[in-house]
Amino acid sequence: GGSVVSHRDDLELGEGKDRVVGMWFPDIPVPQGARIKRAYVQFTADEKVPCSEKTDLVLHAELAPNADSCKKAKHNITSRRKTAASVKWSPEPWTVAGERSAKQRTPDLSPLIQEVVDQPDWQEGNALVLVISGSGRRNAESWHSGSWSGLPMLYVEH
């Protein structure tokens, strides 16, 4: 239906073709045109019940030189223009609540970030949005979980 839910204490990654997760990262300290060596998001497992079903996710970035934050307007995430590049991720089972390890780390997202920072209007300090869709189930801590230590963190090496 295109509805957007915010202020949840977890990010429900996967859970069917209709579930799309958007994550806004402000103030990215990467200059325009920088060569991205490596990038990933580190999540923290939220689910207290094991998430062990097969999960296949696809990550894109919004192709915008300074992405707006995710709003509750209908289709706010799905209507955004996505990068041509995408990264597939089939995460291992998440069986320990609160775990923050390689199991909860995306593959290298440098093709997505590179496409964004190569835009002529990109500037150091701008924001970007990552979009995750797919099937299966992995639940991660979110901004509203109450713990700074569990937040999804975007790491970019350039």
Side-chain angles (χ1 to χ4, degrees), residues 4-31 33-64 67 69-70 77-78 80 82-119 122 124-158:
V4 174
V5 177
S6 64
H7 300 92
R8 303 264 326 235
D9 64 352
D10 65 353
L11 297 171
E12 297 169 353
L13 308 176
E15 300 204 13
K17 65 179 180 169
D18 295 330
R19 175 72 46 107
V20 178
V21 172
M23 296 180 300
W24 182 66
F25 294 95
D27 197 24
I28 305 298
V30 177
R35 188 176 138 289
I36 306 302
K37 295 177 183 174
R38 183 173 77 134
Y40 61 89
V41 174
Q42 179 66 59
F43 291 100
T44 301
D46 178 63
E47 195 65 30
K48 294 181 179 30
V49 183
C51 288
S52 57
E53 66 190 77
K54 180 172 174 40
T55 299
D56 294 309
L57 304 171
V58 179
L59 293 91
H60 287 90
E62 179 184 1
L63 190 58
S69 63
C70 301
I77 308 300
T78 56
R80 294 173 185 236
K82 293 187 264 184
T83 53
S86 64
V87 172
K88 292 182 178 182
W89 182 29
S90 297
E92 294 179 46
W94 295 4
T95 57
V96 179
E99 183 176 23
R100 188 176 180 91
S101 71
K103 288 181 183 180
Q104 293 81 27
R105 187 174 305 142
T106 67
D108 183 24
L109 303 176
S110 59
L112 311 181
I113 309 304
Q114 191 69 63
E115 196 171 335
V116 172
V117 304
D118 280 349
Q119 297 175 97
W122 172 267
E124 185 171 351
N126 281 1
L128 67 81
V129 166
L130 292 177
V131 178
I132 304 174
S133 59
S135 63
R137 183 171 64 101
R138 296 292 180 273
N139 286 11
E141 296 282 347
S142 81
W143 171 257
H144 299 285
S145 65
S147 170
W148 284 94
S149 63
L151 294 178
M153 299 292 294
L154 173 65
Y155 294 89
V156 180
E157 182 181 336
H158 63 94

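Below, all heavy atoms of this structure are taken into account, side chains as well, without hydrogens, waters or symmetry copies.
Under the 4.5 Å side-chain criterion, counting only non-hydrogen atoms from C-beta, P107 is not in contact with K88. Residues Q104 and E99 meet the side-chain proximity criterion, which asks for heavy atoms closer than 4.5 Å. Annotation: side chain of I113 is not in contact with side chain of V30 (no heavy-atom distance under 4.5 Å).
Looking at W24, its side chain never comes within 3.5 Å of a backbone N or O of A127 through a donor-acceptor pair. The closest donor-acceptor contact from the side chain of E115 to the backbone of A84 lies under 3.5 Å. The backbone N or O of N139 sits nowhere less than 3.5 Å from a side-chain atom of D46 that would complete a donor-acceptor pair.
Between Y155 and Y40, the angle of the ring planes stays under 30°, which puts this pair in the parallel group of the 30/60° scheme. Between W89 and F43, the two ring planes are parallel [angle under 30°; tilted spans 30° to 60°].
Rounding to the nearest 0.5 angstrom, the gap separating the CG atom in L57 from the OG1 atom in T106 is 10.5 Å. Residue T83 holds its OG1 atom at 10.0 Å from CG of L128, rounded to the nearest 0.5 Å. Atom OG of S69 and atom CZ of F25 lie 13.5 Å apart (nearest 0.5 Å). Annotation: the span from M23 atom CE to L151 atom CG amounts to 11.5 Å, rounded to 0.5 Å. Note that the CG atom of D10 and the CD atom of E141 stand 8.0 Å from one another [nearest 0.5 Å]. Going from atom CD of Q42 over to atom CZ of R100 covers 5.0 Å, rounded to the nearest 0.5 Å.
Here the shortest heavy-atom pairing between L112 and L59 reads CD1-O, 3.7 Å. Scanning all heavy atoms of the two residues, the minimum distance from V116 to E62 falls at CG2-O, 3.5 Å. Nearest approach of S133 to V20, heavy atoms of both residues: CB-CG2, 4.2 Å. Nearest heavy atom pair, residue G98 against residue T44, reads O-CG2, 3.5 Å. Annotation for D118 and A34: closest pair OD1-O, 4.5 Å, computed over non-hydrogen atoms. Between A45 and V96 the shortest heavy-atom distance is CB-O, 3.5 Å.
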side-chain contact (heavy atoms from CB on, under 4.5 Å) assessment of L154 paired with L130: CA-CA 10 Å; L154 173 65; L130 292 177; 4.3 Å; yes
Go through the steps for V58 and I132 under the test side-chain contact (heavy atoms from CB on, under 4.5 Å), then give the verdict. CA-CA 6 Å; V58 179; I132 304 174; over 6 Å; no
Determine, stepwise, if the pair L63 / Q119 fulfils side-chain contact (heavy atoms from CB on, under 4.5 Å). CA-CA 8 Å; L63 190 58; Q119 297 175 97; 3.7 Å; yes
Check against side-chain contact (heavy atoms from CB on, under 4.5 Å), S110 and R38: CA-CA 5 Å; S110 59; R38 183 173 77 134; 5.6 Å; no
Check against side chain to side chain donor-acceptor pair (under 3.5 Å), R138 and T55: CA-CA 7 Å; R138 296 292 180 273; T55 299; 2.8 Å; yes
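Side-chain contact, D56 with S135: no donor N or O sits under 3.5 Å from an acceptor N or O.
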